[in-house]
There are 2 protein chains.
Amino acid sequence: MQRPYQCGIDAAIDVIDGKWKVLVLWALDSGARRFGETKRLLPGISEKVLAQQLRELEADGIVHREVYDQVPPKVEYSLTERGRALNAALAPLNAWGKERIALLEAEAEAEAEAEAATVAAVTAVAPAA
Amino acid sequence: MQRPYQCGIDAAIDVIDGKWKVLVLWALDSGARRFGETKRLLPGISEKVLAQQLRELEADGIVHREVYDQVPPKVEYSLTERGRALNAALAPLNAWGKERIALLEAEAEAEAEAEAATVAAVTAVAPAA
DNA sequence: CGGTATCCCGGTGGATACTG
DNA sequence: CAGTATCCACCGGGATACCG
């Protein structure tokens with residue numbers, strides 16, 4: 001995606017685009033986090049990709065990178081004001097997604113029950129088979 | 001992205017993931033649209049990709065596909081109740097994006113002015129060059 | 001009109017190894 | 001601890017052509 005944008009959504013998506021971006025956002029929402037700490041909050045992400053995503057978010061003014069000049073190295077990442085605003089704007093989408101998850105689970109459960117009923121019926125008809 | 005989701009955002013993004021999905025959502029927000037009509041609203045999209053995105057949105061219960069059995073063929077796409085809810089959940093993100101666009105434009109303008117000032121200064125110092 | 005079918009390219013992100 | 005460096009696989013989507 002690229003400027004010029006067709007609408008605000010494009011501009012927002014451009015910022016949160018990337019497999020881990022919103023997860024990073026959530027991870028930092030509760031306060032400043034160190035690199036390794038953040039990595040631990042995102043099981044499966046590689047260091048390369050985490051660094052990438054953080055750099056991009058930083059370039060977009062969403063996260064702040066604070067380097068402490070000490071040994072061993074220490075770097076802290078935190079949300080900027082804009083990052084917190086973005087996270088807030090994401091809240092309704094989160095709510096919608098949770099509802100969707102609930103619906104999907106309800107469906108899966110209904111299917112499982114239907115299958116169980118079928119198995120029971122078959123067993124009743126052909127118990128020796 | 002894939003189930004199980006880490007949070008609601010994941011579930012939502014899973015649905016709107018695809019280069020044109022949200023644009024399709026906006027296009028259908030104002031009412032039912034025919035295939036070609038929708039295509040015209042999304043300059044640059046190919047028929048293959050539009051069909052794909054619509055099918056995926058349909059599978060996720062976001063759009064409804066109504067086929068009219070007539071010649072020439074007519075198919076109408078519209079948002080379902082859930083689709084409208086999703087669109088509503090996207091509104092704050094849209095607002096955030098618009099703000100971002102405004103900021104970017106302000107920056108670009110400031111840069112342009114700075115450059116203009118530089119050019120003016122240089123011209124003033126070396127008017128004959 | 002409203003699609004499928006094919007082929008192909010570029011970019012994202014995964015795996016692994018190395019470093020200040 | 002907090003990163004680079006490198007190489008590579010995958011697949012989303014673009015171009016083009018054809019069909020009921």
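Excluded from the calculations below are hydrogen atoms, water molecules and symmetry mates; all remaining heavy atoms, backbone and side chain alike, are included. By convention in this document, chain letters (A, B, ...) are assigned in the order of the sequence lines, proteins followed by strands, and residues within each chain are numbered from 1.
Annotation for A:Leu57 and A:Val15: closest pair CD2-O, 4.0 Å, computed over non-hydrogen atoms. The two residues A:Asn94 and B:Ile9 have their closest heavy-atom pair at OD1-N, 3.2 Å. The two residues B:Cys7 and A:Leu23 come nearest to each other via the heavy atoms SG-CD1, 4.2 Å.
Nearest to the side chain of A:Pro72, among D:dA2, C:dT4, D:dC1, sits D:dC1.
With respect to A:Leu54, the side-chain contact (heavy atoms from CB on, under 4.5 Å) criterion is satisfied by exactly one of A:Ile62, A:Val75, A:Val24: A:Val24.
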Grab the N/O contacts between the protein and nucleotides 17-20 of chain C below 3.5 Å, and write none if there aren't any.
none

Could you pull out the protein-nucleic contacts involving nucleotides 12-14 of chain D (nitrogen or oxygen on both sides, under 3.5 Å)?
unit_1: D:dG13; atom_1: OP1; unit_2: B:Lys19; atom_2: N; d: 2.4
unit_1: D:dG13; atom_1: OP2; unit_2: B:Gln53; atom_2: NE2; d: 3.2
unit_1: D:dG14; atom_1: OP1; unit_2: B:Lys19; atom_2: NZ; d: 3.0
unit_1: D:dG14; atom_1: N7; unit_2: B:Lys48; atom_2: NZ; d: 3.4
unit_1: D:dG14; atom_1: O6; unit_2: B:Lys48; atom_2: NZ; d: 2.2

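OP1 and OP2 of D:dC1 both lie 4.0 Å or more from every side-chain N or O belonging to A:Tyr77. At D:dA2, none of the side-chain N or O atoms of A:Arg40 fall inside 4.0 Å of OP1 or OP2 (strictly under the cut-off).
As judged by a 4.0 angstrom heavy-atom cut-off over every strand, B:Lys74 is placed among residues touching the sugar-phosphate backbone only. Across all strands, A:Tyr68 comes closer than 4.0 Å to no nucleic acid atom at all (heavy-atom distances).
Per the geometry, NZ belonging to A:Lys21 stands 11 Å off C1' belonging to C:dT12, to the nearest Å. Protein atom CG of A:Leu23 is 16 Å distant from nucleotide atom C1' of C:dT12, rounded to whole Å. Going from atom CD of A:Gln70 over to atom P of D:dG3 covers 13 Å, rounded to whole Å. With rounding to whole Å, B:Arg55 atom CZ is found 12 Å from C:dG2 atom P. One atom, CG of A:Leu50, and another, C1' of C:dG14, lie 14 Å apart when rounded to the nearest Å.
Near DNA chain C, defined here as any heavy-atom distance below 4.0 Å, the residues from residues 28-38 of chain B are B:Arg34, B:Phe35, B:Gly36, listed numerically.
Side-chain heavy atoms closer than 4.5 Å link hydrophobic residues (I, L, V, M, F, W, Y) into clusters, and following such links, even through other members, never connects A:Val71 to A:Phe35.
At its two ends the helix from C:dC1-D:dG20 to C:dG20-D:dC1 runs along axes set 50° apart, each axis drawn from five pairs and the angle rounded to 10°.
For B:Gln70, the side chain to side chain contact (heavy atoms under 4.5 Å, CB included) test picks out B:Tyr68, B:Lys74, with sequence neighbours left out. Considering only residues two or more places apart in sequence or on other chains, B:Val49 meets the side chain to side chain contact (heavy atoms under 4.5 Å, CB included) condition with B:Trp20, B:Ile45, B:Ser46, B:Gln53. Every residue two or more places apart in sequence or in another chain that forms a side chain to side chain contact (heavy atoms under 4.5 Å, CB included) with B:Ala89 is listed here: A:Pro92, A:Leu93, A:Trp96. Every residue meeting the side chain to side chain donor-acceptor pair (under 3.5 Å) condition with B:Lys21, not counting sequence neighbours, appears here in chain and number order: B:Glu56. Residues satisfying the side chain to side chain contact (heavy atoms under 4.5 Å, CB included) test with A:Leu41, not counting sequence neighbours, are A:Ala27, A:Arg33. Among residues two or more places apart in sequence or in another chain, the salt bridge (Lys or Arg N to Asp or Glu O under 4.0 Å) test is passed with A:Arg34 by none.
The stretch residues 78-87 of chain B participates, sequence neighbours left out, in these side-chain hydrogen bond (donor to acceptor under 3.5 Å, both in side chains) pairs: B:Glu81-B:Arg84. Pairs of residues two or more places apart, or lying in two chains, that qualify as salt bridge (charged side-chain N to carboxylate O under 4.0 Å, His left out) and include a residue from residues 91-101 of chain B are A:Asp60-B:Arg100.
In this structure, B:Leu28 CG and B:Glu76 CD are separated by 10.5 Å, a value rounded to the nearest 0.5 Å.
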